[in-house]
Amino acid sequence: MLLLCALIVGSSSVWATDPVTLVSGSGSSGYAIPTGWTSSGTVEGGSYLKLDNGTITSPTFAAHNSLSFTYTVATFGSGTNHPLTIRILNASTDAVIVEKTTATPTSSSYISTDSPISLGDISVPFKIQMYAPTGKGIRLRNYSVTGIPASSDPAISISGNSLSFGEVEASGSKAMTFSVTPANLTAGLTLSVNNDKYTVSPTSISKDATGAQTITVTANPTTVNDNMDGKITISGDDFTDDTEVTLSATVVRKSPALVYDPTSVTITKGESFTAPAFSKDAGINFSSITFSSSYNDVATVSNEGVIALGTSTGTAIIKATFAQTDVYAAGEATCKIIVNPVGVTPEPSATGYYVKVTAVDDLADGDYLIVYEDEQVALDGNLASDKVDQKSNTVEYEYDASNNIEVSSDTEAAEFEIKAITGGYSIKSKTNSYYLTHTGSGNTLNISDDAVANAITFSNAGNAIIKIGDYNIRYNSDSGQKRFRYYTSAANVHLYKKVAGAAPSEIDIYVSEAGYATYASNFDLDFSTNGNLKAYIAKEVSSEIKMVEVEKVAAGTGVLLHATDGGGKAYTVETTTETTADVTSNLFKRGNDEAVAYEAGGGKYNYILNVVNNQLGFYKAAGKTVAKNRAYLQTSIAASRIDMNFDEEVTGIKLVETSKSNNEGYYNLAGQRVAQPTNGLYIMNGRKVIIK
């Protein structure tokens with residue numbers, strides 16, 4: 001009987017290189033037309049397939065290479081013997097592509113090919129036709145048609161043959177994969193990339209490989225200036241044209257990862273001090289980082305970021321600064337060092353603060369911040385649908401002296417109300433009343449008008465595990481992300497609960513051995529309650545600074561304190577509910593834990609109380625930090641130093657008569673040096689002088 005075996009190109013993932021039988025017939029009896037074939041003329045079965053001026057035609061086959069025909073024919077009884085003709089027809093048009101004719105069999109003999117008859121390569125779908133062209137025909141004993149399926153361009157798994165890496169950090173790397181499935185290779189494939197910022201592996205595929213092949217492409221940018229347009233060319237002897245995959249990436253600067261841990265240290269003078277650890281990206285040299293201290297008397301910092309205590313009490317802001325390069329983004333890390341005098345407790349917050357919660361038993365209904373401590377950022381409470389999942393959905397916060405988070409307008413905008421509900425806890429924005437939730441299988445942080453139950457537990461390290469299903473609220477610290485989302489990876493956030501502020505009945509204020517100090521309180525104070533401590537505001541009168549004594553002052557008012565018994569200790573001052581002092585035009589400004597520059601703009605200059613060469617005075621501010629509970633002097637008078645003279649009244653600048661002969665130099669009231677002064681008012685050695 002006749003056996004039919006057809007291979008349709010593209011339906012198999014095997015790369016065939018061996019001949020495949022398209023159709024065959026064998027045996028000496030029971031021949032019939034194969035299933036699916038058609039016939040015309042006289043075509044008989046019986047002991048042999050008889051073609052007497054008859055034709056049989058195959059169904060359609062896909063394009064094949066190296067088609068060949070093998071046959072055995074016998075004589076047709078006593079009749080005339082004739083050759084068998086093989087035709088390959090175009091399946092669409094029936095046009096003859098190729099035609100081959102066998103030898104004529106002789107009487108009582110078989111004609112068999114010792115080697116196949118080549119029918120050539122067929123590049124279009126085709127049909128096979130066998131026929132006897134004259135009246136007597138032939139008897140066909142055995143036959144087969146074989147071929148190698150035609151090769152086709154490799155199939156690429158990515159849409160549009162385009163691979164986009166998105167953002168890739170300079171000097172970093174990012175790998176992506178796709179698959180190649182070529183069909184029916186007679187030779188192997190070669191993969192090459194035209195941009196040395198990419199690598200491709202493997203670079204070749206053998207002809208006998210099977211199945212889809214995974215290709216790994218790695219982007220390796222060096223700087224943000226690198227051109228990342230590229231292409232992978234896939235070529236082989238089987239293809240007329242190469243197949244290409246285009247490559248693209250956006251190079252972003254790498255984060256320098258400057259970090260102080262912890263970011264704030266508060267100790268009492270004399271206590272042991274453990275310096276915070278400084279870290280950075282391994283690719284950055286210390287010589288590229290600038291370290292500075294806002295107050296070296298409190299704390300210094302080495303060229304490798306090591307912090308050491310000075311000799312004074314106060315606040316120093318340690319700063320590490322890195323300038324932008326073609327590889328790294330600009331970066332900064334700060335660490336606040338607070339050294340309190342012995343026996344002095346820092347003022348509590350008047351507006352309240354947030355304290356870390358690390359156990360479910362402490363998770364009472366209330367207002368919270370969801371924070372990532374390493375970068376001192378909290379999840380922004382603005383959960384509008386067009387902002388909820390944006391990058392940088394954060395606000396920054398600061399710690400107070402007790403390592404609680406200070407309340408500010410920014411932190412209040414980041415507050416969430418956490419409340420126990422059936423099945424867990426709802427988390428609602430205090431800003432616009434949306435609830436946090438997660439839907440679907442992605443990482444997106446979603447919002448809901450209705451309460452959604454989150455499970456909240458805590459790890460042994462105190463991390464808050466805020467979970468819906470398998471997804472935790474987590475902060476992504478990658479330089480291109482910087483946002484809070486729901487992830488399946490481990491949680492890294494903390495919860496801080498808001499605690500209301502309350503005014504104490506009294507506070508302790510430290511005054512140094514110099515006998516003077518500046519101060520600005522979080523609360524209304526009554527300085528009349530301590531007979532050894534006087535408070536003054538400063539006013540500018542006729543180009544002179546006058547110190548005016550005050551008693552009951554409002555919170556935030558900057559004052560100069562004079563310890564009449566010598567200082568070097570803490571003084572207890574009562575708080576008050578009544579403020580009577582007129583502090584209009586007060587020249588003292590409250591500090592903000594930030595560096596203060598000499599020039600304040602608008603014709604104003606800043607001065608900080610200090611002792612230099614055993615001389616107390618207000619000296620030019622030169623970038624030193626002024627703490628939030630201290631103050632500095634801001635005036636229109638320009639001088640190198642403003643002296644304080646305590647006589648019957650505290651006055652700031654003393655007028656001195658002198659002659660024109662002076663080697664110290666003269667300055668006008670704008671701070672400009674005058675080579676040849678005429679009669680008038682000048683500054684000499686930090687004092688006002690009158691030249692007559």
Side-chain angles (χ1 to χ4, degrees), residues 255-324 328-341 344 346-347 371-377 396-406 408 410 477 510 512 518 590-598 606 608-612 619-632:
S255 170
L258 307 183
V259 175
Y260 269 109
D261 183 22
T263 58
S264 177
V265 176
T266 301
I267 64 170
T268 299
K269 187 174 177 61
E271 289 181 346
S272 62
F273 173 70
T274 300
F278 176 76
S279 60
K280 60 177 180 58
D281 186 88
I284 294 177
N285 296 322
F286 279 107
S287 59
S288 302
I289 304 173
T290 300
F291 293 94
S292 64
S293 170
S294 66
Y295 201 170
N296 285 323
D297 289 348
V298 175
T300 60
V301 60
S302 73
N303 291 334
E304 294 186 347
V306 179
I307 300 173
L309 291 184
T311 59
S312 297
T313 60
T315 300
I317 304 298
I318 306 299
K319 183 180 292 186
T321 305
F322 178 80
Q324 176 179 289
Y328 290 94
E332 180 180 288
T334 60
C335 183
K336 183 192 299 183
I337 305 297
I338 302 172
V339 181
N340 291 314
V344 177
E347 282 194 9
V371 308
Y372 178 63
E373 291 182 334
D374 289 356
E375 295 183 13
Q376 288 188 215
V377 290
E396 296 181 353
Y397 64 81
E398 292 185 355
Y399 292 105
D400 63 16
S402 300
N403 284 325
N404 296 318
I405 296 177
E406 297 182 349
S408 66
D410 286 338
S477 59
Y510 180 81
S512 71
T518 61
R590 182 175 187 172
N592 194 33
D593 278 344
E594 294 180 355
V596 176
Y598 172 56
N606 295 324
I608 295 176
L609 183 65
N610 202 358
V611 177
V612 178
Y619 290 82
K620 285 182 177 181
K624 286 188 175 181
T625 297
V626 179
K628 289 184 177 180
N629 288 126
R630 299 295 174 179
Y632 59 96

Main chain of Ala299, side chain of Ser293: is a donor-acceptor contact present, judged purely on distance under 3.5 Å? yes
Between [atom1] of [X] and [atom2] of [Y], what distance do you get to the nearest 0.5 Å?
X      : Y      : atom1 : atom2 : value
Leu609 : Thr518 : CG    : OG1   : 6.0 Å
Ile289 : Asn303 : CD1   : CG    : 10.5 Å
Ser512 : Asn610 : OG    : CG    : 9.5 Å
Ile405 : Glu373 : CD1   : CD    : 7.5 Å
Leu258 : Thr321 : CG    : OG1   : 8.0 Å

side-chain contact (heavy atoms from CB on, under 4.5 Å) partners of [X], counting only residues at least two apart:
X      : answer
Asp410 : Ser408
Val306 : Ser302
Ala627 : Thr315, Asp593, Arg630

Which heavy atom of [X] sits nearest a heavy atom of [Y], and at what distance?
X      : Y      : answer
Lys624 : Tyr295 : NZ-CE2, 4.1 Å
Asn340 : Thr266 : ND2-CG2, 3.4 Å
Phe322 : Ala329 : CD2-O, 3.5 Å
Phe291 : Ala320 : CE2-CB, 3.5 Å
Ala333 : Val259 : CB-N, 3.9 Å

Apply side-chain contact (heavy atoms from CB on, under 4.5 Å) to Leu309 and Ile267, showing your working. CA-CA 11 Å; Leu309 291 184; Ile267 64 170; 3.5 Å; yes
Hits for salt bridge (Lys or Arg N to Asp or Glu O under 4.0 Å) against Lys628, two or more places apart or cross-chain, chain-then-number order -> Glu398, Glu406
Across all chains, not counting sequence neighbours, the salt bridge (Lys or Arg N to Asp or Glu O under 4.0 Å) partners of Glu347 are none
Residue pairs passing the salt bridge (charged side-chain N to carboxylate O under 4.0 Å, His left out) test with at least one member in residues 284-308, sequence neighbours excluded, are none
Just jot down the side chain to side chain donor-acceptor pair (under 3.5 Å) partners of [X], sequence neighbours excluded, or say none.
X      : value
Glu375 : Tyr475, Lys482
Thr625 : Ser294
Arg590 : Asn522
Thr263 : Gln376

Might you work through the side-chain contact (heavy atoms from CB on, under 4.5 Å) test for Ile337 and Ile318, ending with a clear yes or no? CA-CA 7 Å; Ile337 305 297; Ile318 306 299; 4.1 Å; yes
Anything under 3.5 Å between a donor and an acceptor, one on a side chain of residues 270-286, the other on a protein residue two or more places apart or in another chain? List them.
unit_1	atom_1	unit_2	atom_2	d
Glu271	OE1	Thr268	N	3.1
Lys280	NZ	Ile284	O	2.5
Asp281	OD1	Lys254	NZ	3.4
Asp281	OD2	Gly283	N	2.9
Asp281	OD2	Tyr328	OH	2.6

Worked check of side-chain contact (heavy atoms from CB on, under 4.5 Å) between Asn404 and Tyr399: CA-CA 5 Å; Asn404 296 318; Tyr399 292 105; 6.0 Å; no
